[in-house]
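Hydrogens, waters and symmetry mates are skipped; everything else that's a heavy atom, side chains included, is used. Below, chain A is the first sequence line, B the second, and so on; all start at residue 1.
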Amino acid sequence: MTKRQKIISVILLALVYAAVFVMEQVIPAQAMLFTVLKKGAIYALVAVSMNLLNGFTGLFSLGQAGFMLIGAYVYGIFTIPTEMRTSVYQYFDGGVIQFTVPVLLAIVLAGVAAAIAAALIGFPALRLKSDYLAIATLGFAEILRAIFQWDKLGPVTNGSNLLRKFPTFNDFNITNADGDVVIYLSTLVPFLIVGVCIFLIVLLINSSYGRVFRAIRDDERAAEAMGVNLFAHKEISFVVSSFFAGIGGALLAMYQMTIQASAFKSAMTYEILLIVVIGGIGSVTGSCIGSFLFIAASEWWLRGLDSGTFLGITAPTIFRSGFRKVVFAVIIMVIVLFYRKGLMGDKEFSVARIAGRFRRLFRRRAPAEKGATK
Amino acid sequence: MSENVLRIENLTMRFGGVTAVDALSLDVNRGEIVALIGPNGAGKTTAFNCITGVYEQTDGKIRFLGKDIKRGTTPDKITKLGIARTFQNIRLFKSMTVFENVLVAKHMRTKQNVFSATLRFNRNEEKRVRRETEELLDKQGLLHLKDEVASNLPYGLQRHLEIARALATDPQIILLDEPAAGMNPQETQELAGFIQQIRDEYKLTVFIIEHHMDLIMQISDRIYVLDFGALIASGSPAEVQSNQRVIDAYLGVVEDA
Ligand SMILES: Nc1ncnc2c1ncn2[C@@H]1O[C@H](COP(=O)(O)OP(=O)(O)OP(=O)(O)O)[C@@H](O)[C@H]1O
Ligand SMILES: [Mg+2]
C-alpha cells in the first residue's frame, strides 16, 4: 500500500466509526440496524480468524463454535458481579468463583483460554495429515458442549442453566445519575474491539509469519525445504485463530446477555464458514463485508418471509415460519455455485482498485462519445 | 584432499517390496560439482529425499560436515544445517510473488517471534531481510520480476527462481534435481554457466541430478551412476563415459531416446 492509499483507508475507517457513533445517538436503540451491526461485527471477527487459518494457512478447522463457547463461558464466569452469584448459581450455592475481573481483562482471558485449548488439540492433530484437524476440532466442539452442561462442573459452569447478569454491551453506554443514557456506546465499543482484533490479524498476515503461512498453504513440502518448521507455524496460526474466536465468543455473550452451552452448535461454525466462503477465501475485507451481509439477510431483510409477506408477496401457508431459511439456503447455493470465489476472491477491498475501475470505465466511454459526434 | 561436505554410507531406502536405493555410498567434497545420474526410476530423487529428510532411510548413514544427521531429522532442520535443494517438479509458492518466494527462505534465520513480528517491534529485521533479498534477486538478474506472481513466470525463470530461493537459505551445499528438465539447448548452456558461477560466488558445493549429458559432462568434477538403486560406476566424466556398464545401462539408452 502506498502512503496515500493508507491515508485514504484510515479516513474511510474513521468515517465508518463516526457514522456508527452518530447513528447510535439518533436512531432508537431497539432498531434492527444495531442488531445487524453488533452481531455482524462479532461474526466478522470470527470469520476473519477462520480465514487466517483456512484461507491463509490452508488448514481446515471446524472448531469455531467450540472456541467461542470457551470464550463466552470464561467471560461470563469471571465477570458476573459477586453479589449476583447466589441468584445465578442458585442450584450450586453461588458457585465456587467469588471474584470478578475487569471486562476488558475478561475478554482477553476468554481469548487466552480458547488459545490454550487450541494449543492442546493442535499438538496431536497438527502433526497428522491436515484433514485430521477438521475432524478433531469438530469432535472437540461437540464434546465441549456436553462437558460445559455437565452437572458436576456446575459450581463453575452453572451446568445446564444459563449464565447471566454479567456486563453486556449496554453497560458501555454512559448514563447520568438517574440512569438515563446520555451517550450511546453499545455499538461503537464492540466495533472498536473488533477493529483492534482484526487490525492485529492483518498485521500478522502482513508479517514474516503471514508470508510463511501462505507458503505452507501453497506448498508444504517446499516450505519445509525452506527451513520452515511446519508444526510450529501451523500451531501458531491455529492458536492465534482460536484466540480471536474466543474473544468473539466473549463478545457474543455480551451481545446475547445470557450464555448457554447448547447454543454453540456446529451450525454456528457452518454459518461462519459460509461467511468466509461468501466473502472470499483469503480476503479479510471479504469476510467483513460477507459477515454484515449474511447477518443482515438472515436477521433482518428476510424476516418478512417467515411472517408470510415479503416485498408484497404472500407466501403459501405451508412455507410460513420456515420460509426464510428456505430462501436463504437457495441464495447461498446460488452464490456458492456461481461465484465460486466469493464476493472478493482472494483480493482485498481497496480504494485504488475501485478508482482504477472507474477510470477504465470512463476511458472506454470517451472514444464512444467522440464517435457519436461525427 | 579438500574437506568432505556430504558423506553417504550404505544408504538404503525400501518402499514395501521396492528397494529404491540400495546400499549407496558416496562423497561430496567442498567446492565440487558432483553429479548423480542413471535411468528413470534408478532412485536418484529418492536419494535426495533421504538426504533432505523427506524420507527416513531404511538403513545407512548420512554425514554432513563430519557430523551424523540423525534418522528422522525433519527437512526444515536439515535446511537449517546448510543443505538446500530444488525439486524435480518445480515447487514454488505459486500464488506468491518472486520477492515473497525468496523472503520465505529468509524467515528461519530472522531473530523474531510471532509477537515481535506482528507488533513490528523489530522493523530492522524485516528491513534487513528485504534488503538481502533484493540484493540476491539483483545478482540473479531477477529483480525486475520482483512483483511478478511466481506461477506467471515462464518455465525457465521458474527453475531459476527455485535455485535463487534455495540460495537464500544460506546453504553450504545445494542439491539440484534435474534443473535443466524442459529447457532447450541454449537455456541448458546458460544453466551450465550459471551453476559454475554460483558455486564460485557463494563458495558452494553442488550435488546435481540431470539427464542432459552434455551439461553433466561439461560441469561435473565427478559423477556417480545409479541403476536400480545401486551404484554401478563413479569417477571423472571421461571415466564414466567410457565405462561399458554405464553405456549399457544408461548412456546407450539416452542416445536411443
Ligand atoms: N514414496 C514412494 N513410495 C513408493 N515407491 C516410491 C516412492 N518414491 C519413489 N518410489 C519408487 O522408487 C523408485 C525410484 O524412484 P525415483 O523417483 O527415486 O527415481 P529417479 O531416479 O529420480 O527417476 P527419474 O529420473 O524418473 O526422476 C521408483 O521405482 C519409484 O516408483
Ligand atoms: Mg527423479
Side-chain angles (χ1 to χ4, degrees), chain A residues 1-2 49 52 55-58 112 115 119 126-127 196-244 280-283 341 345-347, chain B residues 48-49 52-54 74-87 89-97 99-123 125-126 129-130 133 149-151 162 165-166 168-171 175 177:
Chain A
M1 249 202 290
T2 64
S49 81
L52 168 70
F56 289 91
T57 321
V112 170
L126 288 173
R127 287 180 189 278
V196 169
C197 290
I198 292 179
F199 180 63
L200 286 173
I201 297 176
V202 170
L203 281 180
L204 172 64
I205 288 172
N206 291 331
S207 78
S208 184
Y209 282 81
R211 264 192 317 262
V212 167
F213 294 161
R214 283 184 290 139
I216 292 173
R217 174 195 66 191
D218 278 9
D219 194 323
E220 263 191 40
R221 178 82 71 76
E224 215 175 11
M226 294 301 112
V228 170
N229 183 332
L230 287 184
F231 170 71
H233 286 85
K234 286 178 181 179
E235 180 90 347
I236 289 172
S237 176
F238 183 46
V239 166
V240 171
S241 168
S242 306
F243 173 82
F244 288 109
I281 293 171
S283 169
K341 291 184 149 185
D346 58 359
K347 304 285 188 308
Chain B
F48 269 23
N49 281 340
T52 54
V54 175
T74 49
D76 57 300
K77 298 227 175 61
I78 290 172
T79 305
K80 266 177 218 146
L81 290 175
I83 301 180
R85 74 171 295 179
T86 64
F87 295 90
N89 314 308
I90 303 174
R91 282 177 173 270
L92 289 170
F93 306 124
K94 291 197 183 69
S95 69
M96 298 169 72
T97 65
F99 194 56
E100 289 174 323
N101 263 273
V102 180
L103 279 174
V104 169
K106 295 260 173 207
H107 176 77
M108 65 167 175
R109 300 209 199 278
T110 54
K111 287 182 203 65
Q112 58 181 351
N113 58 44
V114 66
F115 296 105
S116 69
T118 301
L119 301 175
R120 310 290 192 264
F121 283 152
N122 193 355
R123 279 171 198 268
E125 196 69 357
E126 176 78 9
V129 168
R130 283 176 178 267
T133 301
V149 173
S151 60
E162 220 195 2
R165 193 181 62 171
T169 63
D170 282 335
L175 275 51
D177 195 345

Could you go step by step and tell me if B/Arg120 and A/Asn206 meet the side-chain contact (heavy atoms from CB on, under 4.5 Å) rule?
CA-CA 10 Å; B/Arg120 310 290 192 264; A/Asn206 291 331; 3.7 Å; yes
Can a salt bridge be assigned to the pair A/Asp218 and B/Lys94 using a cut-off of 4.0 Å between side-chain N and carboxylate O?
no
Could you have a look at B/Thr169, B/Val114, B/Val104 and say which one has the most heavy-atom pairs with chain A under 4.5 angstrom?
B/Val114
Please lay out, stage by stage, how A/Arg217 and B/Phe93 fare under the test side-chain contact (heavy atoms from CB on, under 4.5 Å).
CA-CA 8 Å; A/Arg217 174 195 66 191; B/Phe93 306 124; over 6 Å; no
Counting only N and O atoms by type, is there a donor-acceptor contact under 3.5 Å from the side chain of B/Arg91 to the main-chain atoms of A/Ala223?
no
Pairing donors with acceptors under 3.5 angstrom, does anything connect the side chains of B/Glu126 and A/Ser208?
no
Rounded to the nearest 0.5 Å, what separation is found between the CZ atom of B/Arg85 and the CD atom of A/Glu224?
10.5 Å
Check whether A/Leu200 gets within reach of chain B through its side chain, its backbone, both or neither, counting any heavy atom under 4.5 Å.
both
Proximal component of B/Gln112, with respect to chain A [non-hydrogen, under 4.5 Å]
both
Derivation and outcome, side-chain contact (heavy atoms from CB on, under 4.5 Å), residues B/Thr74 and A/Asn229:
CA-CA 8 Å; B/Thr74 49; A/Asn229 183 332; over 6 Å; no
Between CD1 of B/Ile90 and CG of A/Asp219, what distance do you get to the nearest 0.5 Å?
11.5 Å
Below 4.5 Å, heavy-atom pairs only: which of B/Lys80, B/Glu162, B/Glu100 has the largest tally toward chain A?
B/Glu100
Determine whether a donor-acceptor pair (N or O, by modelled atom type, separation under 3.5 Å) exists between the side chain of A/Ser207 and the backbone of B/Ala117.
no
Pick whichever of B/Ser95, B/Ala168, B/Ala84 has the most heavy-atom pairs under 4.5 Å with chain A.
B/Ser95
Please assess A/Met226 against B/Arg165 for the test side-chain contact (heavy atoms from CB on, under 4.5 Å), listing each intermediate value before the final yes or no.
CA-CA 8 Å; A/Met226 294 301 112; B/Arg165 193 181 62 171; 3.5 Å; yes
Toward chain A, the part of B/Arg123 with a non-hydrogen atom under 4.5 Å
neither
Which residue out of B/Leu119, B/Ile83, B/Asn113 racks up the most heavy-atom pairs below 4.5 Å with chain A?
B/Asn113
To the nearest 0.5 Å, what is the distance between CZ on A/Arg211 and CG on B/Leu103?
4.0 Å
Part of B/Leu92 within contact of chain A (heavy atom distance under 4.5 Å)
backbone
Select one option (side chain, backbone, both, neither) describing which atoms of B/Thr52 are under 4.5 Å from chain A's heavy atoms.
neither
Are there over 12 heavy-atom neighbours, none belonging to A/Phe231, within less than 6.0 Å of that residue's CZ?
yes
